[in-house]
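Structure, as structure tokens:
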Amino acid sequence: MTIEQLLDAMKKRSGMFIIEERIDYIYYLISGYCGAKSYLEEDDIDRKFRCWFGKWLLQWIEENINSKYKPMSSYWYLDIKAIAGGEEKEVPLFYELCEKFFDDYRNRRGYFEDFPLVKEE
């Protein structure tokens, strides 16, 4: 299972993975997943998400919400909380942003446009 597949499964049935659908619970589950995968058999997309989602998110926020945005901390879920506009909007925004992240990565857009570590397929 890749991170993308995990996120899709969580979106459909979050109760199978976390007791309550909250952005901080999702963050810690994903952090544990990514940490375990980095020691086991990590797929390329897992590595990209683990290493770059937080940086990609900050660029997205600067381009779409506030060009002078300063990160809340090194935990990306706090940035999502800061921009979501309410607790009920945090998780849907996270899933929407994940779709944009994977789409940007696959299509070499935005953050990934001239990224030197992205190999051509």
Side-chain angles (χ1 to χ4, degrees):
M1 176 178 277
T2 66
I3 186 70
E4 194 170 11
Q5 292 166 332
L6 174 64
L7 291 170
D8 187 50
M10 287 175 61
K11 186 176 179 180
K12 291 175 183 168
R13 293 187 170 184
S14 62
M16 291 179 60
F17 302 92
I18 50 179
I19 193 163
E20 185 180 342
E21 195 173 48
R22 291 180 21 186
I23 192 66
D24 54 338
Y25 291 0
I26 291 171
Y27 173 83
Y28 289 113
L29 177 80
I30 290 171
S31 294
Y33 169 87
C34 288
K37 287 285 279 196
S38 71
Y39 286 104
L40 300 170
E41 196 173 313
E42 187 175 42
D43 293 305
D44 189 54
I45 196 71
D46 293 334
R47 186 172 24 269
K48 301 305 188 263
F49 188 88
R50 177 175 52 86
C51 295
W52 299 334
F53 181 74
K55 294 173 186 168
W56 175 91
L57 174 62
L58 292 177
Q59 181 178 330
W60 185 88
I61 292 170
E62 289 171 0
E63 290 175 359
N64 295 281
I65 296 182
N66 180 351
S67 63
K68 298 181 190 302
Y69 182 79
K70 299 293 180 213
M72 300 300 291
S73 75
S74 61
Y75 301 109
W76 51 255
Y77 80 91
L78 292 174
D79 295 308
I80 291 174
K81 287 177 84 59
I83 65 167
E87 193 173 321
E88 70 285 348
K89 297 178 183 176
E90 294 167 0
V91 172
L93 176 60
F94 167 70
Y95 288 126
E96 178 184 331
L97 290 170
C98 286
E99 288 177 21
K100 289 178 189 284
F101 172 87
F102 295 125
D103 189 51
D104 280 0
Y105 172 70
R106 282 194 189 86
N107 294 299
R108 310 297 190 253
R109 286 194 304 253
Y111 183 79
F112 300 106
E113 191 170 21
D114 296 316
F115 208 81
L117 296 177
V118 176
K119 59 185 176 186
E120 292 297 321
E121 295 177 23

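All residue numbers in this chain count up from 1 along the given sequence. Given the structure is predicted, the values throughout are model-derived calculations rather than measurements.
Within the structure, every pair that satisfies the salt bridge (Lys or Arg N to Asp or Glu O under 4.0 Å) test and touches residues 70-87, not counting sequence neighbours, is listed here: Lys81-Glu90. The stretch residues 8-18 participates, sequence neighbours left out, in these salt bridge (Lys or Arg N to Asp or Glu O under 4.0 Å) pairs: Asp8-Lys12, Lys11-Glu99. Counting only residues at least two apart or in different chains, salt bridge (Lys or Arg N to Asp or Glu O under 4.0 Å) contacts with residues 54-65 are absent.
Note that CD1 of Ile83 is 6.0 Å distant from CG of Leu97, once rounded to the nearest 0.5 Å. The CG atom of Leu29 sits 5.0 Å away from the CE atom of Met10 when rounded to the nearest 0.5 Å. Summarising the geometry, atom NZ belonging to Lys37 is positioned 13.5 Å from atom CZ belonging to Phe49; distances are rounded to the nearest 0.5 Å.
With sequence neighbours excluded, the residues forming a ring pair (Phe, Tyr, Trp, His ring centres under 6.0 Å) with Tyr27 are Tyr75, Trp76, Tyr77, listed by chain and number. The side chain to side chain donor-acceptor pair (under 3.5 Å) test applied to Glu96 returns no partner, not counting sequence neighbours. Considering only residues two or more places apart in sequence or on other chains, Ala82 meets the side chain to side chain contact (heavy atoms under 4.5 Å, CB included) condition with Tyr69, Met72. Looking at residues two or more places apart in sequence or on another chain, you find a side chain to side chain donor-acceptor pair (under 3.5 Å) between Trp56 and Asp104. In this structure Thr2 satisfies the side chain to side chain contact (heavy atoms under 4.5 Å, CB included) test together with Glu4, Gln5, Asp43, Ile45, Asp46, sequence neighbours excluded. Not counting sequence neighbours, Ser74 has no partner by the side chain to side chain contact (heavy atoms under 4.5 Å, CB included) test. A search for side chain to side chain donor-acceptor pair (under 3.5 Å) contacts involving Asp24 returns Arg22, not counting sequence neighbours. Residues passing the side chain to side chain contact (heavy atoms under 4.5 Å, CB included) test with Asn64, sequence neighbours excluded: Trp60.
In plain terms, the two heavy atoms of Pro92 and Glu88 that are nearest each other are CD-O, 3.5 Å. Shortest non-hydrogen contact noted between Glu21 and Tyr95 is OE2-CE1, 4.0 Å. Closest of all the heavy-atom pairs between Ile3 and Tyr33 is N-OH, 3.2 Å. Counting all heavy atoms, side chain and backbone alike, Ala84 lies closest to Leu93 at CA-CD2, 3.8 Å. Of all the heavy atoms in Leu7 and Cys98, the pair that sits closest is CD1-SG, 3.7 Å.
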Evaluate the criterion side chain to side chain contact (heavy atoms under 4.5 Å, CB included) for residue pair Tyr105 and Asp44; output intermediate values, then yes/no.
CA-CA 11 Å; Tyr105 172 70; Asp44 189 54; 2.9 Å; yes
Pair Asp103-Arg106, salt bridge (charged side-chain N to carboxylate O under 4.0 Å, His left out): steps then yes or no
CA-CA 5 Å; Asp103 189 51; Arg106 282 194 189 86; over 6 Å; no
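Cation-pi geometry between Arg50 and Phe53 is not met: the NZ or CZ atom fails to fall both under 6.0 Å from the ring centre and inside 45° of the normal.
In this structure, Tyr28 and Ile18 have side chains that are not in contact, with every pair of non-hydrogen atoms separated by 4.5 Å or more.
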